[in-house]
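Here is the structure we will look at.
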Amino acid sequence: MDPEQQTSHLPPADAPSQPSAEYFSWDYRLQLIGLGFAFYTAIFLLSHLLSAALSRTYSSLLAKEKVFWNLAATRAAFGIQSTVAGLRALTEDSVLTRERVRGQEDWSWFNILTATGFFLFENVALHASSVVFWTFDLPLATHHFFALSGYAGAVVWDSLGHFLPMVTLLLEMSTPFTCISWMLLKAGWAHSLFWRANQWVMIHMFHCRMVLTYYMWWVSLTHWRELSTHVALPQLLLFFTGLALLTFLINPIWTHKKTMQLLNPVDWNFGNKHAPENGSIQGQSEVSVKPHAS
């Protein structure tokens with residue numbers, strides 16, 4: 001293939017910074033997207049293997065609950081990457097913070113591309129699971145559609161700066177605590193002090209998510225002229241539609257559910273089952289184990 005056809009347009013000469021040229025090669029971009037997809041697929045499989053070998057709670061779960069367990073672990077791993085990237089964008093004096101609409105750096109490109117790979121994995125796993133088990137979570141599916149579309153759009157329309165995409169990744173800060181909450185609930189620890197402490201932190205993270213969306217609106221509105229000039233219209237529509245859904249629908253619903261779960265520990269992902277007590281686990285048959293067995 002002609003090298004010129006493999007390379008996206010480089011940033012204009014007056015752009016605040018020019019990341020490494022390799023990030024504008026489609027071959028390199030696709031490699032990093034594939035790396036993100038493969039890495040988080042490996043996390044999913046590793047979670048399954050370790051849980052099957054070490055956890056009696058996991059062994060007793062229904063098949064669809066096992067899939068959700070491994071997806072929760074995978075999301076938690078991505079949440080750690082996203083939190084680091086988002087906090088770096090917010091706290092580091094970098095091109096991203098100085099040029100919030102057009103600033104790009106090598107590390108932000110790496111996170112954009114691997115996040116695209118993760119959201120591709122998430123959508124494949126979510127919809128495959130929905131087909132196999134005849135279930136569908138509309139808020140989650142909507143969230144992942146806009147996530148994949150938004151980050152894929154940031155790759156295609158690469159004039160967009162990376163400050164807002166990196167701050168958006170910080171919304172994943174709740175996922176490690178969500179993972180811990182659900183796994184401990186299934187293991188019968190829902191009435192333990194540790195579970196309640198984690199639930200309090202998780203609820204706080206969801207409130208932080210809401211504050212973060214308000215901050216993103218403020219940044220967007222105060223930089224509207226630059227956004228409308230330098231960002232493609234389809235990308236703007238995706239971003240603001242997704243942000244509006246998060247702000248006014250998805251975040252409030254999830255925050256309410258997590259708060260109610262603290263008061264009444266139920267697994268609302270699977271028919272509002274009440275949490276088992278003292279390690280009692282639900283699956284193909286009822287098996288009683290001690291909480292520390294998980």
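- A side-chain N or O of T114 and one of Q81 form a donor-acceptor pair less than 3.5 Å apart.
- Under the 4.5 Å side-chain criterion, counting only non-hydrogen atoms from C-beta, M216 is in contact with V167.
- Residue L227 comes nearest to S220 through the heavy atom pair CD1-O, 3.4 Å, listed as atom of the first residue, atom of the second, then distance.
- Side-chain rings of F110 and Y23 stay apart, their centers remaining 6.0 Å or farther from each other.
- Considering every non-hydrogen atom in both Q104 and L160, the closest pair reads NE2-O, 2.9 Å.
- Here CD of E105 is found 11.5 Å from CD of E99. Values are rounded to the nearest 0.5 Å.
- Looking only at distances, no side-chain donor or acceptor of N198 sits under 3.5 Å from a matching main-chain atom of I180.
- Looking at T83, its side chain never comes within 3.5 Å of a backbone N or O of L170 through a donor-acceptor pair.
- Side-chain contact check for L169 versus Y151: some heavy-atom pair is nearer than 4.5 Å.
- Contact check for L171 versus T168: side-chain heavy atoms found under the 4.5 Å cut-off.
- Between Y40 and F121, the ring center distance fails the sub-6.0 Å criterion.
- For an aromatic pair to be called close, the ring centres must be under 6.0 Å apart, and Y58 with H48 satisfies this.
- Looking at every heavy atom in both residues, A154 comes nearest to Q235 through N-NE2, 3.4 Å.
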Next item on the list: Assess whether side chain to side chain contact (heavy atoms under 4.5 Å, CB included) is satisfied between N111 and H162, documenting all intermediate values.
Entry: CA-CA 10 Å; N111 280 284; H162 291 169; over 6 Å; no
Next item on the list: Could you go through the side chain to side chain contact (heavy atoms under 4.5 Å, CB included) check for M183 and T57 one step at a time?
Entry: CA-CA 9 Å; M183 288 184 176; T57 297; over 6 Å; no
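- Within the 3.5 Å criterion, the main-chain N or O of W200 finds no donor-acceptor partner in the side chain of H204.
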Next item on the list: Assess whether salt bridge (charged side-chain N to carboxylate O under 4.0 Å, His left out) is satisfied between E22 and R29, documenting all intermediate values.
Entry: CA-CA 8 Å; E22 61 190 2; R29 289 179 177 183; over 6 Å; no
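- Between T213 and W218 the shortest side-chain heavy-atom distance does not fall below 4.5 Å.
- In summary, E65 and K186 engage in a salt bridge, as defined by a charged side-chain N under 4.0 Å from a carboxylate O.
- The nearest pair of heavy atoms linking L90 to L212 is CD1-CD1, 4.3 Å.
- R102 places no side-chain N or O within donor-acceptor distance of the main-chain N or O of S159, the cut-off being under 3.5 Å.
- I80 CD1 to T175 OG1: the interatomic distance, rounded to the nearest 0.5 Å, is 8.0 Å.
- Remark: aromatic rings of W254 and H143 are close, center separation under 6.0 Å.
- In terms of modelled atom types and a separation under 3.5 Å, the side chain of S129 and the main chain of L126 share no donor-acceptor contact.
- L120 has its side chain out of reach of T116: every pair of non-hydrogen atoms, C-beta onward, lies at least 4.5 Å apart.
- The closest side-chain heavy-atom distance from Y214 to V219 is not below 4.5 Å.
- Without hydrogens or angle criteria, D106 side chain to P19 main chain gives no donor-acceptor distance under 3.5 Å.
- Contact record, S51 with N70: OG-OD1, 4.5 Å, taken as the closest heavy-atom pair.
- Ring orientation note: the planes of W217 and F248 are tilted relative to one another, at an angle of 30° to 60°.
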Checklist line | Worked verdict on F68 versus L61 for side chain to side chain contact (heavy atoms under 4.5 Å, CB included) | finding: CA-CA 10 Å; F68 191 88; L61 295 177; over 6 Å; no
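- Considering only heavy atoms from C-beta on, F239 stays 4.5 Å or farther from F146 through its side chain.
- Using modelled atom types, no side-chain atom of T97 and backbone atom of D93 make a donor-acceptor pair closer than 3.5 Å.
- Closest non-hydrogen pair, H191 versus P265, comes out as CE1-CG, 4.1 Å.
- Between F194 and W189, the distance separating the two ring centers is not shorter than 6.0 angstrom.
- Counting only heavy atoms from C-beta outward, the side chains of M166 and L96 approach each other to under 4.5 Å.
- Checking side-chain atoms of Q199 against main-chain N and O of Q261 turns up no donor-acceptor pair under 3.5 Å.
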Margin query: Set out, in order, the CA-CA distance, both residues' side-chain angles and the distance that settles ring pair (Phe, Tyr, Trp, His ring centres under 6.0 Å) for F78 and F119, then state yes or no.
Written below: CA-CA 10 Å; F78 179 68; F119 287 122; 5.3 Å; yes
Check: Taking it one step at a time, do K258 and T178 satisfy side chain to side chain contact (heavy atoms under 4.5 Å, CB included)?
Finding: CA-CA 9 Å; K258 297 301 183 183; T178 303; 3.6 Å; yes
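- For S174 (side chain) and M202 (main-chain N/O), no donor-acceptor pair under 3.5 Å exists by modelled atom type.
- Distance alone, capped at 3.5 Å, places no donor-acceptor pair between the R100 side chain and the F163 backbone.
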